[in-house]
Structure formats: structure tokens, C-alpha cells
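Scroll down for the structure; my scribbles are underneath it.
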Protein chains: 2
Amino acid sequence: MKYKEPDTLYLQKIGTTIKTLREEHGWSQEQFSFKSGLHRTYIGSIERGERNISVLNLKKIANTLEVPITKLFDFEI
Amino acid sequence: MKYKEPDTLYLQKIGTTIKTLREEHGWSQEQFSFKSGLHRTYIGSIERGERNISVLNLKKIANTLEVPITKLFDFEI
């Protein structure tokens, strides 16, 4: 485990939220990669909660998903 | 300029928001550094909008400031 447990859980919650929003658009990771400009494997690792994402990449993801960035934190811990 | 203009502005808005919240607590950067575990110079560069902050550091900052992480994005662009 690369991060402390609570941090890993936090990153996984963000990843799951992003995945859900992506699927609501009906996009594959490939399509999301094309639309966001982020590499597909990076998107996969984000959705699995393996990345300590930077705020500018979070903003890029939120913009692509057409949601406010705060929506990516819309989960219970 | 290290980042594209809109990104720089975005980071500056987050930095200003963090600075305002810190000052509302009446904390110096030094005190905030001690409470958060983040280095004082790093805090200074965040508040100046020079850092593409990671989400785990944003979470650490929000927890220290005793606000939800979404509060750090409470600004108009």
C-alpha cells in the first residue's frame, strides 16, 4: 500500500466518483482519455484510487465531466 | 509563468482562499505549518498560487483549517 490507509480510501472514493460520473456519460476510459487529454492508463489508475491527483488534473477531469470540481468530493468517508 | 494563464489564476484563487481561512484562525504561516505538518515555505508557495497541489495535501490543509475540502474551491473564476 503506497499511501496510509485513510488516504488510500480517500483516493479510492474520488476514483469511484469519477468512474461513476464517466459511466453516466456513457464514455469508455478511452473516450474519456480522448476528451480530457489525460492518458487512458492514468485515468485507469485514478479510478482505482492509485493516484494522488493534482488539483489541475482534478479541474481538467471535472471540466470534461461537465461538473463543478466539488462534485468529485461528493461522497461519505 | 509555469502554468497556462487560466491554471495560474485557478491556483492563485485556491491559494488566496487558503490564506483567508488561515488568517480567520489567526494563524501565522509558521503556526499553520506546525499544525498541518506541511513545510512553511511550501505553504507560502501554495498561498501565492505557485503550486499544483495534490489532493491529499488539499485534504490535509482542509482538515487543519477545519473545513470541508470543497470550501477550498469556494470562489468565482
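In this text, all values refer to a predicted model and were calculated from it rather than measured experimentally.
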| chain A contact residues among residues 56-64 of chain B, heavy-atom distance under 4.5 Å | B:Leu56, B:Leu58, B:Lys59

| request: Identify the residues of residues 33-42 of chain A whose heavy atoms come closer than 4.5 Å to a heavy atom of chain B, ordered by number, or report 'none'. | output: none

| said: Show every salt bridge (charged side-chain N to carboxylate O under 4.0 Å, His left out) that has at least one partner inside residues 63-77 of chain B, sequence neighbours left out. | reply: B:Lys71-B:Asp74

| Distance from B:Thr70 atom OG1 to A:Phe73 atom CZ, nearest 0.5 Å? | 8.5 Å

| query | Ignoring hydrogens and geometry, is there a side-chain-to-backbone donor-acceptor pair from B:Glu47 to B:Gly44 under 3.5 Å? | reply | no

| request: Please lay out, stage by stage, how B:Val55 and A:Val55 fare under the test side chain to side chain contact (heavy atoms under 4.5 Å, CB included). | output: CA-CA 6 Å; B:Val55 69; A:Val55 69; over 6 Å; no

| note | Taken to the nearest 0.5 Å, the spacing of B:Ile53 CD1 from A:Ile53 CD1 works out to 14.0 Å

| message | Apply side chain to side chain contact (heavy atoms under 4.5 Å, CB included) to residues A:Leu65 and A:Leu72 and explain how you reach the verdict. | response | CA-CA 10 Å; A:Leu65 293 169; A:Leu72 304 185; 4.3 Å; yes

| Contacts with chain B made by residues 9-27 of chain A (heavy-atom distance under 4.5 Å), listed by residue number | A:Tyr10, A:Leu11, A:Ile14

